[in-house]
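Notes follow the structure.
FYI, side chains are in, hydrogens and waters are out, and symmetry mates aren't considered; it's all heavy atoms of this structure. Note that the structure is a prediction, hence the values are computed from the model and not measured.
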Amino acid sequence: QVQLVESGGGLVQAGGSLRLSCAASGRTFSLYAMGWFRQAPGKEREFVAVISRIATSTYYADSVKGRFAISRDNAKNTVYLQMNTLKPEDTAVYYCAAALDAGTPSRTYSYNTWGQGTQVTVSS
């Protein structure tokens, strides 16, 4: 089982960009689909993006499509989330997660390992 550590969060003005990273421990990183989720205060955790095991497929929430890009480097055991044209409604704690799945799952119950989260705050 992998362990996940996110980094790269922070405070940014609306229209700006951030790049989140998620480093995974262990030797089996390429067996996992990797997802990003976020949770705003008082709201449920929601799906943001997912990338398949060897990056052949990606899937995005409609709210971030065209602005966010997920990628992975299996040699570095790392998954990334490039966030562009950020909006105040993107403010949340962002979590990366790992799923032993050959596809691109978007449900939280598909994921068995989660990072601790990184705060992203977008000011207007």
Side-chain angles (χ1 to χ4, degrees):
Q1 188 169 351
V2 296
Q3 292 184 321
L4 307 173
V5 178
E6 303 97 333
S7 62
L11 174 64
V12 64
Q13 288 188 333
S17 298
L18 280 176
R19 188 194 197 201
L20 305 183
S21 299
C22 174
S25 63
R27 302 179 181 180
T28 59
F29 181 67
S30 62
L31 296 180
Y32 292 84
M34 296 299 298
W36 285 96
F37 291 76
R38 65 188 182 186
Q39 188 166 17
K43 295 187 177 181
E44 293 187 353
R45 192 167 299 189
E46 66 173 2
F47 167 76
V48 175
V50 60
I51 188 166
S52 61
R53 290 171 172 175
I54 56 172
T56 51
S57 299
T58 58
Y59 178 61
Y60 297 90
D62 287 344
S63 59
V64 306
K65 201 173 296 182
R67 300 188 298 123
F68 290 12
I70 189 170
S71 61
R72 68 189 295 164
D73 185 337
N74 284 353
K76 296 182 178 180
N77 281 12
T78 303
V79 62
Y80 306 96
L81 185 69
Q82 178 67 43
M83 306 186 294
N84 299 324
T85 320
L86 283 160
K87 304 175 181 180
E89 51 263 44
D90 294 318
T91 296
V93 177
Y94 282 71
Y95 299 89
C96 73
L100 275 173
D101 193 301
T104 50
S106 61
R107 304 291 186 180
T108 56
Y109 58 70
S110 297
Y111 292 80
N112 57 334
T113 304
W114 294 80
Q116 83 289 349
T118 186
Q119 177 71 47
V120 171
T121 303
V122 185
S123 63
S124 58

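The minimum heavy-atom distance linking Ala97 with Leu4 is given by the pair CA-CD1, 3.7 Å. The nearest pair of heavy atoms linking Gln1 to Tyr32 is CA-OH, 3.5 Å. Of all heavy-atom pairs between Gly26 and Asn77, the closest is O-ND2, 2.8 Å. Residues Thr58 and Ile51 share a closest heavy-atom pair of CG2-CG1, 3.8 Å. Across Gly103 and Ala33, no two heavy atoms sit closer than the pair O-CB, 3.6 Å. For the residue pair Ala92 and Gln119, the shortest heavy atom distance occurs at O-NE2, 3.4 Å.
Interatomic distance, Tyr60 OH to Arg67 CZ, rounded to the nearest 0.5 Å: 12.0 Å. Note: Leu31 CG to Asp101 CG = 12.0 Å, rounded to the nearest 0.5 Å. In this structure, the separation between CD on Glu89 and OG on Ser124 is 10.0 Å, given to the nearest 0.5 Å. Rounding to the nearest 0.5 Å places CD1 of Ile70 at 13.0 Å from OH of Tyr59. Here OG1 of Thr28 is found 11.0 Å from CG of Asn74. Values are rounded to the nearest 0.5 Å.
Between Ser17 and Val12, the closest side-chain pair of non-hydrogen atoms is not below 4.5 Å. A 4.5 Å side-chain heavy-atom check between Ser21 and Lys76 finds every atom pair outside the cut-off. The side-chain heavy atoms of Arg53 and Ser30, taken from C-beta on, include no pair separated by under 4.5 Å. Contact check for Val122 versus Met83: no side-chain heavy atoms found under the 4.5 Å cut-off. Counting only heavy atoms from C-beta outward, the side chains of Trp114 and Thr108 approach each other to under 4.5 Å.
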| request: Could you walk me through whether Arg38 and Leu81 pass side chain to side chain contact (heavy atoms under 4.5 Å, CB included), step by step? | output: CA-CA 12 Å; Arg38 65 188 182 186; Leu81 185 69; over 6 Å; no
| request: Any chance you could lay out the side chain to side chain contact (heavy atoms under 4.5 Å, CB included) test for Leu86 and Phe68, step after step, and finish with the verdict? | output: CA-CA 9 Å; Leu86 283 160; Phe68 290 12; 3.8 Å; yes
| task | Would you sort out whether Trp36 and Glu6 count as a side chain to side chain contact (heavy atoms under 4.5 Å, CB included), showing the intermediate values? | result | CA-CA 10 Å; Trp36 285 96; Glu6 303 97 333; 3.9 Å; yes
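Residues forming a side-chain contact (heavy atoms from CB on, under 4.5 Å) with Ser71 (at least two apart in sequence, or on another chain): Tyr80.
With a 6.0 Å radius and a threshold of 12 heavy atoms from other residues, nucleotides or ligands, Lys65 has its NZ atom above the threshold. Within 6.0 Å of CD in Gln3 there are 12 or fewer heavy atoms belonging to other residues, nucleotides or ligands.
Each of Val79 and Phe47 belongs to its own hydrophobic cluster when Ile, Leu, Val, Met, Phe, Trp and Tyr are linked at side-chain heavy-atom distances under 4.5 angstrom. Grouping the Ile, Leu, Val, Met, Phe, Trp and Tyr side chains by contacts below 4.5 angstrom, directly or via other members, places Val50 apart from Val120.
Ion pair Lys87/Asp90 not flagged as a salt bridge, since none of the NZ, NE, NH1 or NH2 atoms sits closer than 4.0 Å to an Asp/Glu carboxylate oxygen.
Partner of Phe37 under the ring-ring contact (aromatic ring centres under 6.0 Å, His included) criterion, out of Tyr109, Tyr111, Tyr94: Tyr111 alone.
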